[in-house]
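Whatever order the structure lists them in is the order used to number ligands and atoms, beginning at 1.
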Amino acid sequence: GVMSHELRTPITAVYGGTRVLRSRGERLDDESKARLLEDIEQESERLFRMVENLLVLSRLELGQQVATEPVLAQRVVAKLASSFRQRRPARSLELRIDERMPPVAAEPHYLEHVLRNLLTNADKYSPLDNPIEVEASMQGDEAEIVILDRGPGIAPEETETIFERFYRSDRTSGQAAGIGLGLTVCKRLMEAQAGRVWARPREGGGMAAGITLPVYKEV
Ligand SMILES: Nc1ncnc2c1ncn2[C@@H]1O[C@H](COP(=O)(O)OP(=O)(O)OP(=O)(O)O)[C@@H](O)[C@H]1O
Ligand SMILES: [Mg+2]
């Protein structure tokens, strides 16, 4: 099916690339070698992310409990932003973070995982010359983190369906590889942390995807 195809493609690219480098590496010019290495790096990263989503999903389906603790969401956003900027120097990322946000109740690795999935989507589905914006602020008594892009966006009737397993929108067909599991994982992870994830079309074009988390309360 789609999934085995999506998993095989990066494996083939990594395997093929390393074989070429080993067998013909000496005869390749520096530019071709650099391009091959860049492909290998990108494809292994993609594979790594896909496997991570599959592992998280299977753990949750086996009934894994998620323990939450006080987490400074603004720190998680800052860490994610700095690794994203290293990995994608050509893409501009604009942060608007309320540094006074109180700690939220979350599982820090899972919070980062959710935000990375949303950020990867914004990057994958929107043109490189448009910045991605990240906002973090309190909305009433909940913390909200929103990721905004200027890609094709979603139809109003897709705001729930894009979270369904294997769903991929017509609007993005052929644009980027993927299984259609990233948002399903986000939804399950946010439910396990007593939060929510949502998506809506953005005014002026593009998509807004966000998460809502309760503030940490001592028991
Ligand atoms: N920022 C976005 N702009 C427009 N469409 C989006 C955006 N994010 C998600 N979508 C749509 O929702 C679909 C489901 O997203 P999801 O992240 O679950 O899967 P995917 O990106 O296709 O694959 P993967 O499992 O690798 O994440 C996407 O295929 C795309 O059609
Ligand atoms: Mg995705």
Side-chain angles (χ1 to χ4, degrees), residues 1-14 41-61 77 80-81 83-84 87-88 91-95 110-135 144-192 195-212:
V2 175
M3 191 159 92
S4 44
H5 172 77
E6 289 295 330
L7 284 168
R8 272 200 197 103
T9 308
I11 295 173
T12 309
V14 170
E41 187 183 10
Q42 243 177 45
E43 292 298 309
S44 16
E45 148 111 33
R46 204 152 71 79
L47 186 64
F48 180 71
R49 300 286 171 229
M50 276 193 262
V51 169
E52 268 203 323
N53 273 331
L54 288 169
L55 287 175
V56 169
L57 203 58
S58 70
R59 269 188 236 128
L60 291 177
E61 273 167 12
V77 172
L80 180 68
S83 83
F84 179 84
R87 197 156 39 84
R88 302 281 291 141
R91 166 76 79 174
S92 105
L93 190 63
E94 292 171 7
L95 305 183
Y110 281 162
L111 174 58
E112 187 180 343
H113 189 103
V114 169
L115 292 172
R116 191 187 304 110
N117 275 351
L118 299 180
L119 186 57
T120 303
N121 280 347
D123 184 43
K124 225 164 45 158
Y125 299 119
S126 74
L128 195 57
D129 53 355
N130 286 108
I132 296 172
E133 294 157 62
V134 183
E135 295 175 354
E144 192 177 78
I145 303 169
V146 190
I147 293 169
L148 303 129
D149 68 54
R150 290 289 182 201
I154 49 166
E157 60 273 16
E158 281 179 306
T159 55
E160 301 294 329
T161 38
I162 57 165
F163 293 98
E164 283 168 18
R165 190 185 286 249
F166 303 133
Y167 180 82
R168 305 198 77 206
S169 171
D170 287 342
R171 291 195 186 197
T172 59
S173 65
Q175 256 199 44
I179 317 179
L181 275 186
L183 290 177
T184 307
V185 171
C186 290
K187 191 174 172 190
R188 302 279 168 83
L189 281 179
M190 291 314 296
E191 284 166 359
R196 295 189 304 283
V197 58
W198 45 266
R200 55 174 168 71
R202 184 182 180 194
E203 209 168 302
M207 190 166 105
I211 61 167
T212 308

Next item on the list: Select one of side chain, backbone, both or neither to describe which atoms of Tyr167 lie under 4.0 Å from any atom of ligand 1, heavy atoms only.
Entry: backbone

Checklist line | Element-labelled atoms of ligand 1 that are located less than 4.0 Å from some non-hydrogen atom of Gly178 | finding: 23 (O), 26 (O)

Notebook entry, point to check: Does Arg171 use its side chain to pair, donor to acceptor, with the backbone of Pro152 at less than 3.5 Å?
Noted result: yes

Next item on the list: State whether Glu61 and Arg165 are salt-bridged, where the test is any N-O pair (Lys NZ or Arg NE/NH1/NH2 against Asp/Glu carboxylate O) under 4.0 Å.
Entry: yes

Checklist line | Validation row: Asn53, Leu57 side chains within 4.5 angstrom (heavy atoms) | finding: no

Notebook entry, point to check: Do any nitrogen or oxygen atoms of Ala177 lie less than 3.5 angstrom from nitrogen or oxygen atoms of ligand 1?
Noted result: no

Margin query: Between Glu144 and Thr212 (side chain of the first, backbone of the second, donor and acceptor by atom type, cut-off under 3.5 Å), is there such a pair?
Written below: no

Check: ligand 1 and Pro152, any nitrogen or oxygen pair closer than 3.5 angstrom?
Finding: no

Notebook entry, point to check: Is the closest heavy atom of Met207 to ligand 1 under 4.0 Å?
Noted result: yes

Next item on the list: State if Gly180 counts as touching ligand 1 under the rule of any non-hydrogen atom under 4.0 Å.
Entry: yes

Next item on the list: Give the residue and atom name of whichever protein heavy atom lies nearest to atom 1 (N) of ligand 1, and the separation in Å to one decimal.
Entry: Asp149 OD2, 2.8 Å

Next item on the list: Please report the closest heavy-atom contact between Met50 and Pro10, naming both atoms and the distance.
Entry: CE-CG, 3.7 Å

Next item on the list: Report the member of Thr172, Leu183, Thr184 with the shortest heavy-atom distance to atom 31 (O) of ligand 1.
Entry: Thr172

Notebook entry, point to check: Hey, is the main chain of Ala177 close enough, under 3.5 Å, to the side chain of Lys124 for a donor-acceptor pair?
Noted result: yes

Next item on the list: Measure the spacing between CG of Leu119 and CG of Leu80 and express it to the nearest 0.5 Å.
Entry: 5.5 Å

Notebook entry, point to check: So which heavy atom in the protein is nearest atom 6 (C) of ligand 1, and how far is it from that ligand atom?
Noted result: Tyr125 CD1, 3.8 Å

Checklist line | Where ligand 1 meets Lys124 - atom numbers and elements under 4.0 angstrom, heavy-atom basis | finding: 20 (P), 21 (O), 23 (O), 26 (O)

Next item on the list: Give yes or no for whether the N/O distance cutoff of 3.5 Å, strictly under, is met between Asn53 and ligand 1.
Entry: no

Notebook entry, point to check: How far is atom 25 (O) of ligand 1 from its nearest protein heavy atom, and which residue and atom name does that atom have?
Noted result: Leu181 N, 2.8 Å

Check: With the threshold set at 4.0 Å, does a side-chain nitrogen-carboxylate oxygen contact exist between Arg188 and Glu191?
Finding: no

Notebook entry, point to check: Crowded around Glu160 CD? As in, over 12 foreign heavy atoms under 6.0 Å?
Noted result: no

Margin query: On a heavy-atom basis, I'd like to know which of Thr120, Leu118, Ile162, Asp170 is closest to atom 11 (C) of ligand 1.
Written below: Ile162

Notebook entry, point to check: When you measure from atom 4 (C) of ligand 1 to every protein heavy atom, which one gives the shortest distance, and what is it?
Noted result: Gly153 O, 3.6 Å

Note to self: Which heavy atom of Glu158 sits nearest to which heavy atom of Ser169, and what is that distance?
What the structure shows: OE2-OG, 2.8 Å

Checklist line | Minimum-distance protein heavy atom relative to atom 9 (C) of ligand 1 | finding: Asn121 ND2, 3.6 Å

Item checked: Winner among Met3, Glu158, Arg168, Arg46 once heavy atoms are compared against atom 29 (O) of ligand 1 -> Arg168

Next item on the list: May I ask you to check if any N/O/S atom from Asn121 comes under 2.8 Å of the Mg ion (ligand 2)?
Entry: yes

Notebook entry, point to check: For ligand 1, is there an N or O atom under 3.5 Å from any N or O atom of Ile154?
Noted result: no

Notebook entry, point to check: Minimum heavy-atom separation for Thr159 to Ile162, with atom names?
Noted result: O-CG1, 4.1 Å

